[in-house]
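Below is one structure, written out as structure tokens; the observations come after it.
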Amino acid sequence: MPNNNAQLEWQDGQPYSTSYADVYFSRDSGLDETEHVFLKQNYLKERWLVLEEECFTVAETGFGTGLNFLCAWRLWSECAPEIARLHFVSMEKFPLAYEDLKRALDLWPQLAIWRDQLLAQYQWLTPGFHQLKFNQGRVILTLLIGDIRDTLPQLKASVDAWFLDGFAPAKNPEMWQPALFENMARFSHAQTTFATFTSAGDVRRGMQAAGFSANKVPGFGRKREMLCGHFVGTNRPKLLADDKRAIVIGGGIAGTASSHALATRNWQVTLIERHSGLAQEASGNPLGVLYLRLSGQDIVLSRLAMHGYLHSLRLLQNLKLSKADHNPCGLLQLAFDARELERCKAITARGFPPELVNYVDAVEASRLAGINLSHPGLHFPASGWVNPPAFCQALASHENIKLVTSAHALRIERHGTLWQVWDDSRLLGEAPVIILASASDSKGFRQTSHLPLDPVRGQITTLEQTASSQFLKTVICTDGYISPATKGIHTLGATFSADDLSTEVRESDHSNNLAMLRRLSPELHQTLSSQAHGGRVAFRSTTPDYLPMAGPMLDAESLSANPPRHNANPESLPWLEGIYINAGHGSKGLINAPLCAEILACAINGEPVPVDRKLLGALDPNRFLLRKMGLKRLIQGLAAYPLM
Ligand code: SAM
């Protein structure tokens with residue numbers, strides 16, 4: 001992956017693309033052009049002043065300098081209802097480097113408030129989907145980094161207005177193809193509008209052929225005419241529930257993140273936890289590391305790891321945990337054998353930006369860690385550790401979340417259009433939406449008993465720091481990890497034992513953790529192995545393919561009784577309408593569960609989903625059942641279904 005930043009030069013202080021030989025915006029006034037072409041001709045002010053829906057989605061071809069986004073955001077903050085959300089999706093093949101974006105946006109001091117917020121989050125833009133949240137989630141920017149021809153078909157969204165930008169058709173003919181217009185039509189509905197600065201005949205005909213009306217209206221500045229119009233096809237806008245109550249079962253990271261993602265979208269959430277407080281099981285360890293295992297290729301597991309990691313970093317940035325609960329001290333993954341070294345080198349060859357991951361030799365690794373290390377490895381500068389209970393607490397602290405503790409959800413029953421959650425004999429709550437987020441216990445209900453979720457025992461070891469170990473500055477990982485000391489204690493972890501349900505803290509597992517420490521750093525092992533130690537056992541839930549489950553549930557009994565065809569319309573399948581799951585995160589809950597929570601919240605609310613459809617299909621909780629029934633091909637079709 002070569003450097004994919006935009007190649008540009010500055011002409012009279014304005015950005016000019018040397019790759020496309022074209023300007024990013026009109027020389028006359030980019031700001032006025034945006035207002036005339038994109039805002040006015042999509043009737044955004046008029047529509048937002050009387051907006052009834054809670055979410056409005058704009059999609060743009062070509063993020064460029066972000067000027068259109070900032071202008072839309074400014075207008076939104078002036079005239080949209082306080083309760084509504086603007087979701088702005090923008091596709092960009094060559095993101096501007098930070099310094100270029102800043103220089104371009106410095107041209108508009110009147111946009112400074114919005115510019116600064118964008119700049120604060122404008123980083124880590126690797127290929128793929130990125131979701132940036134502003135104003136407590138009132139404005140969401142989903143950036144699709146890559147060629148629009150690859151990224152747009154992977155989108156799952158219902159778009160209300162299109163900004164068709166992307167350099168002049170004559171300078172960039174590859175983009176302005178029928179496939180673009182056809183994909184736009186797929187994501188449009190009867191009220192969808194579009195506007196573009198160009199009046200090129202091919203574009204007008206292409207849009208018309210795809211099902212849009214396309215009218216010529218006066219253009220901006222030197223452009224005599226431009227095009228705008230609306231979708232005249234038959235796609236329906238998404239019908240969304242009026243009853244915005246949800247029950248989330250499980251008070252760990254998956255459950256609190258799921259509650260948070262819904263609560264910030266104005267849902268009233270009842271969060272049910274069987275223990276007397278949050279984060280009592282796998283999310284109850286005193287420390288968890290933001291550990292992502294990448295591969296040399298863009299395979300699904302690796303893509304999920306990167307997207308999940310970035311999502312958690314951005315969420316932590318917005319939550320602002322105290323320094324005692326979140327330390328972005330960096331993380332080193334040491335290449336402790338030839339195979340790991342090869343993996344690290346293959347990852348480095350993918351060309352991720354250095355602020356995300358770097359290859360470091362043993363000398364540099366030692367400097368970063370503050371102790372001697374004899375292996376090279378990968379350095380993740382923004383990673384570090386989090387106190388998971390504090391993370392859960394911060395996620396659940398929202399006025400729309402009601403926490404119900406010491407309540408053991410044992411049964412789910414349909415009652416009219418609602419689901420009821422019961423313990424032995426007590427009704428714990430009822431709502432049209434339920435999210436199961438109780439790790440392997442999520443399969444403890446009649447409707448979910450077929451799910452292959454298995455508990456895997458993990459034991460951590462805590463060790464008192466020594467005079468030399470206190471210099472450890474970063475998290476270090478091999479097949480396990482050691483953290484820098486916090487309040488005088490290092491955490492080492494964790495063992496991984498399937499088919500073992502014992503909760504006992506064992507000396508043999510401490511020995512295993514210490515053996516891992518010896519591989520990682522003989523020096524640390526020597527100083528720490530005789531220190532006083534403690535430990536904790538918890539169970540993570542795993543799936544057969546090591547990918548989590550995030551999505552809506554099919555009714556396994558009806559499905560088995562009436563097996564569908566592999567090309568069945570997803571709408572015709574027996575859905576347990578309103579039941580979703582967020583589980584099976586193994587030891588990666590910190591980086592995967594919040595992203596899965598966001599995926600569910602977006603799907604439930606008809607908002608653009610923050611991952612590509614292929615990844616969405618890979619997370620489908622029904623995949624094991626469908627594979628067993630020989631219906632593998634149906635799984636990908638499900639990712640297109642409105643529920644997901
Ligand atoms: N809307 C932008 C703004 O507000 O600053 C200006 C967009 S600029 C005129 C066009 C952008 O489209 C460039 O950033 C370019 O890299 C991007 N682009 C062109 N072809 C593309 C493609 N095939 N896929 C994705 N992005 C593309």
Side-chain angles (χ1 to χ4, degrees), residues 2-11 14-39 41-42 44 58-75 88-98 100-108 111 114-115 118-119 122 125 127-130 141-155 161-181 183-184 194-198 200 203 206 219-221 223 226 612:
N3 174 0
N4 66 344
N5 280 341
Q7 303 299 308
L8 49 84
E9 62 186 34
W10 296 86
Q11 296 184 350
Q14 308 243 356
Y16 174 87
S17 165
T18 49
S19 323
Y20 290 92
D22 202 354
V23 291
Y24 275 81
F25 36 70
S26 162
R27 285 283 166 82
D28 297 329
S29 164
L31 196 103
D32 293 341
E33 179 187 40
T34 294
E35 279 176 8
H36 175 78
V37 175
F38 297 108
L39 307 187
Q41 302 303 340
N42 274 303
L44 293 185
V58 174
E60 174 183 53
T61 62
F63 185 69
T65 69
L67 174 62
N68 287 346
F69 167 60
L70 295 192
C71 289
W73 181 1
R74 178 173 69 165
L75 180 65
F88 195 100
V89 180
S90 191
M91 288 151 268
E92 180 54 64
K93 186 173 182 181
F94 301 115
L96 265 69
Y98 177 91
D100 285 331
L101 190 93
K102 179 170 179 340
R103 184 168 170 189
L105 292 177
D106 280 347
L107 291 168
W108 322 110
L111 295 176
W114 298 278
R115 172 201 64 200
L118 172 63
L119 286 172
Y122 190 80
L125 295 177
F129 284 43
H130 298 260
L141 171 64
T142 298
L143 284 172
L144 274 53
I145 303 299
D147 195 304
I148 214 165
R149 289 170 291 182
D150 303 320
T151 58
L152 183 56
Q154 287 296 323
L155 180 66
W162 289 95
F163 291 6
L164 193 44
D165 207 343
F167 295 130
K171 308 269 176 103
N172 186 16
E174 296 83 13
M175 191 195 89
W176 300 84
Q177 292 297 319
L180 168 65
F181 311 131
N183 274 311
M184 287 172 65
F194 86 92
T196 178
F197 62 92
T198 182
V203 174
F220 177 79
K223 292 217 171 64
M226 56 164 280
D612 60 88

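Note that this is a predicted model, so its numbers are computed, not measured. Read the numbers this way: they start at 1 and go in the same order the structure lists the ligands and their atoms.
Under a 4.0 Å criterion applied to the non-hydrogen atoms of Asp165, ligand 1 contributes the atoms 1 (N), 2 (C), 6 (C), 7 (C), 9 (C). If you number the atoms of ligand 1 from 1 as listed, the ones under 4.0 Å from a heavy atom of Thr65 come out as 3 (C), 5 (O). Within ligand 1, the atoms closer than 4.0 Å to a non-hydrogen atom of Asn68 are 1 (N), 4 (O), numbered from 1 in the order shown. Of all atoms in ligand 1, listed by their number and element, those nearer than 4.0 Å to a heavy atom of Gly146 are 24 (N), 25 (C).
If you look at Phe63 next to ligand 1, the close heavy atoms, those under 4.0 Å, all belong to the backbone. Contacts of Thr34 with ligand 1, taken as heavy-atom pairs under 4.0 Å, are absent altogether. With a heavy-atom cut-off of 4.0 Å, Glu60 touches ligand 1 through its side chain alone.
Among the atoms of Thr61, none of the N or O lies under 3.5 angstrom from an N or O of ligand 1. Polar contact check, Leu96 against ligand 1: no nitrogen or oxygen pair lies under 3.5 Å apart. Between Ile148 and ligand 1, at least one N/O pair is under 3.5 Å apart. Note: no N/O pair closer than 3.5 Å links Phe167 and ligand 1 by distance alone.
Heavy atoms of Cys71 come nearer than 4.0 angstrom to ligand 1 in no pair at all. Between Gly166 and ligand 1 there is a heavy-atom distance shorter than 4.0 Å. For Phe163, the closest heavy-atom approach to ligand 1 does not fall below 4.0 Å. Glu174 does not count as a contact of ligand 1, since none of its heavy atoms falls under 4.0 Å from the ligand.
Across Tyr20 and Phe94, no two heavy atoms sit closer than the pair OH-CE1, 3.4 Å.
Side chain of Trp176 to backbone of Phe167: a donor-acceptor contact under 3.5 angstrom is found.
A donor-acceptor contact closer than 3.5 angstrom links the side chains of Thr34 and Asn68.
In this structure, CG on Asp165 lies 10.5 Å from OH on Tyr24, to the nearest 0.5 angstrom.
Taking each of Gly62, Ser90, Pro95 in turn, the one with a heavy atom nearest to atom 1 (N) of ligand 1 proves to be Gly62. When the options Met175, Lys93, Arg149 are ranked by their closest heavy atom to atom 26 (N) of ligand 1, first place goes to Lys93.
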